[in-house]
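Throughout, numbering of the chain's residues begins at 1 and tracks the sequence.
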Amino acid sequence: MSSGTSPIVRSDLAAGARAWPFEEARKLMARVEKRRAAGENVVEIVFETGYGPSGLPHIGTFGEVARTTWVRHAFNAMSDIKTRLIAISDDMDGLRKVPDNLPNQAMLEANLGKPLTSIPDPFGTHDSYGHNMNARLRAFLDTFEFEYEFRSATDMYKSGAYDRALLNVLSRYEEVMKVMLPTLGEERQQTYSPFLPVSPRSGKVLLAKVVSYDTNKGTITYIEEDGSEETVPVTGGHCKLQWKPDFGMRWAALGIDYEMYGKDHLPSQPLYDEICRIAGGRPPEHLVYELFLDENGQKISKSKGNGLTIDEWLRYAPRESLALYMFQKPRVAKRLYFDVIPKAVDDYIDLLEAYHSNEMSEAQRLESPIWHIHNGNPPVERYPVSFALLLTLVTASNAHNHEVLWGFIRAYAPHASPEANPGLAKLADFAIRYFEDFVKPAKRYRAATDVERAAMEELATRFEALGDERDPKTVQDVVYEIGKAYKFDPLRAWFAALYEVLFGQSAGPRFGSFAALYGCRETAALIRRALAGELVKAA
């Protein structure tokens, strides 16, 4: 195709899709056209994600790679241009603070200031601290089958991959200082340099004052820790850049076209872009996403280890639910803690069901998160039972194993089985774990009031009369009828009473759906046990 004039869209449906990855992909399409108009032969688009391996990888790191992958996938649906994703680890950074959640604290304290790849591994399993963290990063990225190229900043600096960009920065040293100095306090301005020498004496990455630089020789001269002067090349891994100049230099050196980052980077974005230009590159397209918060509303931190880890989420829910949580509203801050898991699972189930419905058009499917998180090829499995229902079923049945739960599931959905519904089989196990660890400890049963007791006694009688009824609407209609007859106002107070008396919690799934799954006779028996005081006594 000719540059700058012909559309490079492969799919008309993708071209008009409004889901946020397509919005981002269109920014890249416009970038391609600008590059072509400038006479460039655009053969590939390079995406990048960065990881600071000073602490254990957390879900925020996964989210950045996942979201970038979805933008890449959307772009691939619109263009035949080759794409790559580089996942780079800033493992040449000096360790400035010892994370609270790591072993061998004294050893790490003794190595403060050294590059992460020069510090012994506190776990004793890898060549260095940095190598261990990099292995953890790659392991969980591989678990989710991301397609990426891993890069170590240490290797990039030492191999010479950054040398040209570093020399460009050195040759325009004063321009870089004009960009950076206004962002610093007066005291920091006196000693600031974009280059951080790696001391040949101590091995530390030094925040040292640079007294001179030589663009012909490609060196800087700085003040060592003992006050003496030392001269080192800026290339070959003898120096690294401060993190803000490093951002822009890296974009220039690798030809990055797209990188997203958290809102905490937003004030520095103009600096990154300008350094990229100084280093000889074109700033990439950006998406700034909101940060994840822990249960107390605090920003998730690698050094604190607050919030969820990948392994913790995957202990209680399938990976698709985590992917969906990352996909939804990337520009909105969200809590990332255990209590968000059940809704994320059921949101996924609902969206998957809608995706496969006959009512959804192909254009609408491109808007669905399901299309994006499954790379355009979602599974066809259905879930006859929600995660919320499974959790309530575990509560009511006191089920502690897979087989007991499946007895109820088969009675409700005779064609379901672990073999035919492997996703549901995993969900049953997740429900048992989540119930034992989070639901059960928080339960607070109470006795029914007089009015509640009378209403529940009638409900039990009506349920016994329903016998083997499995239609959720029929059962729910009976529950509504009794709630209205006993003048619960608002009606939700009736359902709250059922859940507080029968399950020790203030809310749950539709009660009729639960009773249809558990069985009307079994639910009636549960009500009578609660009214007899057995549940309060057992709790």
Side-chain angles (χ1 to χ4, degrees), residues 315-317 337-339 341-343 345-346 385-412 427-470 472 475-476 478-479 482-483 486 488 492-539:
R315 171 173 167 76
Y316 301 107
Y337 204 62
F338 294 103
D339 56 1
I341 291 177
K343 185 177 186 303
V345 175
D346 282 339
V385 181
S386 70
F387 193 56
L389 273 174
L390 286 174
L391 286 172
T392 307
L393 180 59
V394 175
T395 302
S397 64
N398 200 29
H400 297 289
N401 62 67
H402 193 96
E403 290 71 23
V404 173
L405 270 186
W406 271 99
F408 291 103
I409 294 171
R410 287 191 186 93
Y412 176 74
L427 217 58
D429 290 335
F430 288 137
I432 292 172
R433 289 188 204 129
Y434 192 90
F435 169 79
E436 290 292 336
D437 290 351
F438 299 107
V439 179
K440 186 176 179 179
K443 285 190 169 299
R444 298 294 183 268
Y445 290 90
R446 69 170 177 85
T449 66
D450 291 343
V451 173
E452 292 167 353
R453 173 178 290 275
M456 290 182 193
E457 285 175 345
E458 183 170 342
L459 182 61
T461 300
R462 294 284 298 276
F463 274 1
E464 287 165 346
L466 285 175
D468 295 327
E469 180 61 60
R470 292 289 181 177
V475 179
Q476 184 78 349
V478 171
V479 184
I482 292 175
Y486 282 84
F488 284 92
R492 64 175 176 270
W494 166 229
F495 292 96
L498 287 169
Y499 276 95
E500 289 167 3
V501 173
L502 302 181
F503 307 116
Q505 57 197 56
S506 59
R510 287 172 63 89
F511 192 80
S513 298
F514 160 74
L517 170 62
Y518 189 46
C520 290
R521 291 191 184 91
E522 289 79 1
T523 306
L526 177 65
I527 293 172
R528 298 199 186 284
R529 286 178 55 214
L531 296 179
E534 294 179 21
L535 302 185
V536 172
K537 183 178 179 180

Sequence neighbours excluded and cut-off under 3.5 Å, please list the side-chain donor-acceptor pairs for residues 525-539, or say none.
from: R528; atom 1: NE; to: E464; atom 2: OE2; distance (Å): 3.0
from: R528; atom 1: NH2; to: T461; atom 2: OG1; distance (Å): 3.3
from: R528; atom 1: NH2; to: E464; atom 2: OE1; distance (Å): 3.2
from: R528; atom 1: NH2; to: E464; atom 2: OE2; distance (Å): 3.4
from: R529; atom 1: NE; to: E534; atom 2: OE1; distance (Å): 3.4

Original post:
Does the ring-ring contact (aromatic ring centres under 6.0 Å, His included) test come out yes or no for F338 and F438, once each step is laid out?
Top reply: CA-CA 8 Å; F338 294 103; F438 299 107; 4.5 Å; yes
Original post:
Are a donor atom and an acceptor atom from the side chains of Y486 and E458 found within less than 3.5 Å of each other?
Top reply: yes
Ignoring hydrogens, what is the shortest heavy-atom contact between [X] and [Y]? Give both atom names and the distance.
{"X": "P472", "Y": "S513", "value": "CB-OG, 3.8 Å"}
{"X": "A455", "Y": "I482", "value": "O-CG2, 3.6 Å"}
{"X": "T392", "Y": "P509", "value": "OG1-CD, 3.1 Å"}
{"X": "A524", "Y": "A460", "value": "CB-O, 3.4 Å"}
{"X": "G512", "Y": "Q476", "value": "N-OE1, 2.5 Å"}

**OP:** With F408 as reference, evaluate L389, L393, V385 under the side-chain contact (heavy atoms from CB on, under 4.5 Å) test and give the passing residue.
**Re:** L393
Original post:
Is the closest basic N to carboxylate O distance between R446 and E452 below 4.0 Å?
Top reply: yes
Original post:
With a 4.5 Å heavy-atom cut-off, do W494 and L459 have their side chains touching?
Top reply: yes
**OP:** Answer yes or no: is there a side-chain heavy-atom contact under 4.5 Å between D468 and C520?
**Re:** no
Original post:
Does Y434 have its ring centroid less than 6.0 Å away from the ring centroid of F430?
Top reply: no
**OP:** Report the relative orientation of the aromatic rings in F511 and F503; use parallel for angles under 30°, tilted for 30 to 60°, perpendicular for over 60°.
**Re:** tilted
